[in-house]
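Only this structure's heavy atoms are used, side chains among them; waters, hydrogens and symmetry mates stay out. Given the structure is predicted, the values throughout are model-derived calculations rather than measurements.
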Amino acid sequence: MDFLNRILSVPLEQLPFYLVVLVVAFTVHEFSHAYFANKFGDPTAKLLGRVTLNPAVHFDLLGIILLLIAGFGWARPVPVNRDNFKSPRLMGVVVSAAGPLSNFFLAIIGTFIYAVLISTGALASISNAKVIEAIIIFFQLFGMMNFFLFLFNLIPLPPLDGYRILEDLVPRQVRAKLQQFEQWSVFIFLLILFIPTVRQYTITPIYNLAYNLYFHFMQVFMHILS
C-alpha cells in the first residue's frame with residue numbers, strides 16, 4: 001500500500017472515484033468528437049466504432065496509467081477527416097470544441113446534482129457516514145476534474161483540442177507556419193507536463209481555475225436552490 005501511495009498522483013483511498021470520474025469524462029469527451037464528426041459528414045469515427053458510449057472503445061491504457069501516476073493522461077484520439085465536411089474549417093472548430101464542451105457540461109450537471117442533494121437535505125438524511133463521504137468525494141472530483149479537462153484541452157498546443165481549434169480559426173498562411181513548428185510544440189507540451197517548476201506556472205493555475213469554476217457554480221446553484 002505504501003508503494004502505491006508513493007507512485008500514484010492521487011490518494012489511494014480515492015483511486016476508485018478517480019477511475020469512475022475519468023471513465024465518464026473521457027468517454028463522453030471522445031464520443032462527442034465522434035458524434036459531431038459523423039453528423040457533419042465524416043464517417044471515419046463511425047466506421048471504427050467510435051460513435052459509442054462504450055468506455056472500452058475510447059480508453060488508452062497507457063494514458064490512464066500515466067494520469068494516475070504523473071497527474072496527466074489521455075484517451076484514444078478520435079480520427080477526423082475534415083475533407084469530408086461541407087465547411088471544413090467551421091465544422092472542424094465545432095468537432096474539436098465538442099470534446100472540451102462536453103466536459104464543461106458534465107461539470108455543470110454534476111455540480112448541480114450535488115447542490116440539489118445538499119439543499120434538499122437528501123445528503124444529510126443518509127444515516128451511513130461512509131456513504132455520505134463517498135458521495136461528497138465523488139461529486140467534488142466529478143466537478144473539479146471535468147472543469148479541469150475542459151480548460152486543459154483548450155491549451156493551444158498539439159495534440160490538444162485547443163490547437164486544432166486554433167488551426168481552423170487562423171488564416172491559411174498562419175496555419176502553414178503553425179504546422180512547421182508543430183513538432184516543436186509537442187516538446188513544449190511535454191516540458192510543461194514533466195518539469196515541476198514549469199508545471200507550477202502552467203498546469204497548477206489551470207487546476208486553481210478549475211477549482212474556482214467549481215466553487216463559483218456551486219455557490220450559484222446553492223443560491224438558486226435555497
Side-chain angles (χ1 to χ4, degrees), residues 10 14-40 45 50-60 63-64 67-68 71-78 93-126 128 130-155 160-162 164-165 203 206-226:
V10 301
Q14 294 185 8
L15 181 58
F17 300 101
Y18 271 94
L19 289 174
V20 173
V21 168
L22 291 175
V23 164
V24 177
F26 280 2
T27 299
V28 174
H29 181 110
E30 298 304 331
F31 165 78
S32 299
H33 285 314
Y35 173 82
F36 281 100
N38 181 62
K39 193 170 184 64
F40 291 152
R50 300 298 300 276
V51 187
T52 176
L53 288 171
N54 178 3
V57 174
H58 301 294
F59 264 48
D60 182 292
I64 296 301
L67 194 144
L68 295 175
F72 72 93
W74 55 82
R76 290 176 58 203
V78 169
V93 169
V94 175
V95 170
S96 296
L101 286 175
S102 71
N103 292 124
F104 178 79
F105 289 123
L106 282 176
I108 295 294
I109 292 168
T111 304
F112 179 74
I113 293 173
Y114 185 38
V116 169
L117 291 176
I118 294 174
S119 62
T120 59
L123 187 62
S125 67
I126 299 173
N128 191 316
K130 290 290 184 183
V131 173
I132 294 177
E133 182 183 6
I135 292 172
I136 292 172
I137 292 172
F138 172 77
F139 277 105
Q140 288 181 348
L141 282 177
F142 191 86
M144 277 287 300
M145 288 301 295
N146 274 290
F147 276 129
F148 173 77
L149 289 171
F150 161 66
L151 296 168
F152 179 76
N153 277 287
L154 291 178
I155 296 175
L160 299 176
D161 298 318
R164 301 302 167 198
I165 294 171
I203 304 301
I206 296 176
Y207 272 113
N208 293 337
L209 183 54
Y211 173 79
N212 289 335
L213 275 174
Y214 168 75
F215 184 73
H216 171 74
F217 277 101
M218 193 66 188
Q219 281 189 314
V220 169
F221 291 144
M222 289 300 292
H223 177 74
I224 292 172
L225 294 167
S226 62

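For the residue pair Leu149 and Asn153, the shortest heavy atom distance occurs at O-ND2, 2.8 Å. The minimum heavy-atom distance linking Leu53 with Thr27 is given by the pair O-CG2, 3.4 Å. Shortest non-hydrogen contact noted between Ala25 and Leu106 is CA-CD1, 4.1 Å. Summarising the geometry of His33 relative to Pro100, their closest heavy-atom pair is CE1-CD, 4.3 Å, with the distance given to 0.1 Å. Counting all heavy atoms, side chain and backbone alike, Thr111 lies closest to Tyr214 at OG1-CD1, 3.6 Å. Considering all non-hydrogen atoms of both residues, Ala98 and Ser32 come closest at O-CB, 3.6 Å.
Residue Phe36 qualifies as open at atom CZ: its count of foreign heavy atoms under 6.0 Å is 12 or below. Heavy-atom contacts from other residues, nucleotides or ligands closer than 6.0 Å to OH of Tyr211 number 12 or fewer. Heavy atoms of other residues, nucleotides or ligands lying less than 6.0 angstrom from CZ of Phe112 number 12 at most.
Of the residues Ile136, Val131, Val116, the one that meets the side chain to side chain contact (heavy atoms under 4.5 Å, CB included) test with Leu123 is Ile136.
Contact check for Phe142 versus Val24: side-chain heavy atoms found under the 4.5 Å cut-off. Between Leu151 and Tyr207 the shortest side-chain heavy-atom distance does not fall below 4.5 Å.
A search for ring pair (Phe, Tyr, Trp, His ring centres under 6.0 Å) contacts involving Phe17 returns nothing, not counting sequence neighbours. A search for ring pair (Phe, Tyr, Trp, His ring centres under 6.0 Å) contacts involving Tyr35 returns Phe31, not counting sequence neighbours.
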